[in-house]
Amino acid sequence: MGVQEQYRDYVMTGFVKRIEPVVVDHGEGARLYDVDGKEYVDCFAGISVTNAGHHNEAILEAAKAQADRIVHACSYVYYVPVVGQLAEKIAQITPGALQKTFFANSGAEANEGAMRLAKRHTGRREFLAIESSFHGRTYATLSITGNSGRKKGGGPYMPGVAFTPTPYCYRCPLGFDDCETCGLACAERVREVARLHLSGECCAFVAEPVMGEGGIIVPPDGYFRAVKQILDEEGILFIADEVQSGFGRTGKLFAIEHYGVEPDIVTMAKGIADGWPLGAFTARSEIADAFQVGDHLSTFGGNPVSCAASLANIEFMQQVDLPGQAAAKGEKLMARFRDLMKDQPLIGEVRGKGLMIGIELIKDPESKAYATAEAGFVRNWCLEHGLLIGVGGNFGNVLRLQPPLVIDDAELDTVFATVAEALVEAGKLATV
Ligand SMILES: Cc1ncc(COP(=O)(O)O)c(C=O)c1O
């Protein structure tokens, strides 16, 4: 029986339209190879995870060395040196006074834990989140996710959650044409939503500094500064969900650094260990110390091998200035696609930070109708031609370019040329 038949008969896959027809064998840097030796440029990094590249020697060596010593002891029952070392490192690299870390296994588990901590610290129980957001697949994280496509069939969700409009200038939900003159109305709405839709018991506002699954939405400059001021006035904590935007992806180690704002809690996963499963949240000491005996734990959280990989991952990022590389490479790639817009009417907007890039496809500039079928076509065409990309947005019309940050210039040329050609083919489809 082949792997595709095994998946069909023995793996639960009903929740995805399809598994991409690639049987993965191995990876190297920004390349993946299938079992027949076909090579792909990987511009999705396993949903934005392998930021330091596939098969990164330094990270693998660190993980192997740790596996030789101990794979699991439970990092919350015994002291494990590498867990302490990683926590100290994270305190050094996270913004401001963030200091104490809880280690989990995934992004959803990190967000759940951060929500629990926010409740404990404030004594309040309600949450504010953003429409079009995504925070995970567990009950609480789906409850603060603003995307019905991800929530359908799972309700009713947690009470005490209110959603504030998406800071999405290309399709402003408040109807403004110009994000220069709107006075950051979307930020001001945070205060109104907190006051009018909740009962005065809001403990935290949870937001992605760059929204990933929602279609690589970059809030306008000033949004998070204005929101943080409102949150401080209302006694609400700010949890920055850096699960997707963290670890160099946007050109800084953490995307919130672009905005000059210090969150009260940061959550992370994905790029934290270059593919080894690990999630985490980090808080200022006075917040972290709110946990009381029995409040929290995780059997696998802080797995020593994942922590060793994470430590080596962070050291690698600092040694080669991976965030700086992502910033420069991303600027160049976005400039090329913006230039292409002159000849390519399918592109409505090119946006992003660093190598977290979204290309929003539209049917025409007047209606800005979602070019969903075209985006799916482009993804499939790219795959057939040796390039792996993602698709996102509430209506599946945003191409997502999120490669390993070690991607080189020649590979970026391939990304641009292949996507550009796929867009031409997709355009023909529309006119047939
Ligand atoms: C911003 C954000 N938060 C949380 C999650 C959930 O992470 P995980 O799938 O590791 O639970 C994701 C996953 O895509 C994400 O993008």
Side-chain angles (χ1 to χ4, degrees), residues 12 15-16 44-51 102-116 118 127-147 149-151 154 157 161 163 166-168 204-219 224 238-250 252-256 258 263 265-282 298 300-303 306 309-310 313 352-358 389-394 396 398 400-402:
M12 288 189 207
F15 45 80
V16 284
F44 203 30
I47 322 189
S48 201
V49 169
T50 52
N51 292 5
F102 178 87
F103 291 108
N105 299 283
S106 68
E109 195 192 345
N111 283 334
E112 284 264 354
M115 291 168 75
R116 182 93 192 263
F127 290 93
L128 256 177
I130 299 184
E131 292 168 353
S132 301
S133 60
F134 180 70
H135 298 291
R137 305 271 187 182
T138 56
Y139 180 61
T141 57
L142 273 176
S143 299
I144 57 163
T145 285
N147 177 340
R150 303 292 157 91
K151 299 169 82 152
Y157 287 96
V161 178
F163 290 92
T166 317
Y168 186 8
F205 169 72
V206 190
E208 302 157 81
V210 175
M211 301 174 70
E213 305 300 300
I216 317 292
I217 297 169
V218 184
F224 281 109
F238 173 28
I239 300 176
D241 177 346
E242 294 265 11
V243 167
Q244 189 161 154
S245 56
F247 291 93
R249 167 72 41 205
T250 68
K252 304 260 187 206
L253 263 177
F254 296 97
I256 198 66
H258 288 288
I265 305 177
V266 164
T267 66
M268 36 201 139
K270 290 195 187 278
I272 191 171
D274 202 35
W276 296 87
L278 186 68
F281 60 95
T282 306
S298 170
F300 287 124
N303 171 265
S306 293
S310 178
N313 180 47
K353 282 192 184 290
L355 285 169
M356 188 163 180
I357 299 174
I389 65 168
V391 163
N394 285 352
V398 181
R400 290 167 63 189
L401 307 182
Q402 299 175 269

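Keep in mind that the numbers below use all heavy atoms, side chains included, and drop hydrogens, waters and symmetry copies. This is a predicted model, so every value here is computed, not measured. Indexing begins at 1, ligand by ligand and atom by atom, following the structure's order.
The number of heavy atoms from other shown groups lying within 6.0 Å of CZ (Phe300) does not exceed 12.
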Any chance you could lay out the ring-ring contact (aromatic ring centres under 6.0 Å, His included) test for Phe281 and Phe103, step after step, and finish with the verdict?
CA-CA 7 Å; Phe281 60 95; Phe103 291 108; 9.5 Å; no
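Distance check: Phe224 CZ to His258 NE2 gives 11.5 Å after rounding to the nearest 0.5 Å.
A side-chain donor-acceptor contact under 3.5 Å links Thr166 to the backbone of Glu131. A donor-acceptor pair is defined here as one N or O able to donate and one able to accept, closer than 3.5 Å; such a pair exists between the side chain of Tyr157 and the backbone of Lys151.
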Check each N or O atom of ligand 1 against all protein N or O atoms and list the pairs under 3.5 Å, with atom names and distances to 0.1 Å, one per line.
| from | atom 1 | to | atom 2 | distance (Å) |
| --- | --- | --- | --- | --- |
| ligand 1 | 3 (N) | Asp241 | OD1 | 3.3 |
| ligand 1 | 3 (N) | Asp241 | OD2 | 2.8 |
| ligand 1 | 10 (O) | Gly107 | N | 2.8 |
| ligand 1 | 11 (O) | Gly107 | N | 3.4 |
| ligand 1 | 11 (O) | Ala108 | N | 2.8 |
| ligand 1 | 14 (O) | Lys270 | NZ | 3.1 |
| ligand 1 | 16 (O) | Gln244 | NE2 | 2.7 |

Compile the donor-acceptor pairs under 3.5 Å between side chains in residues 204-212 and protein atoms, sequence neighbours left out, one pair per line.
| from | atom 1 | to | atom 2 | distance (Å) |
| --- | --- | --- | --- | --- |
| Glu208 | OE1 | Gly212 | N | 3.0 |
| Glu208 | OE2 | Phe134 | N | 3.0 |

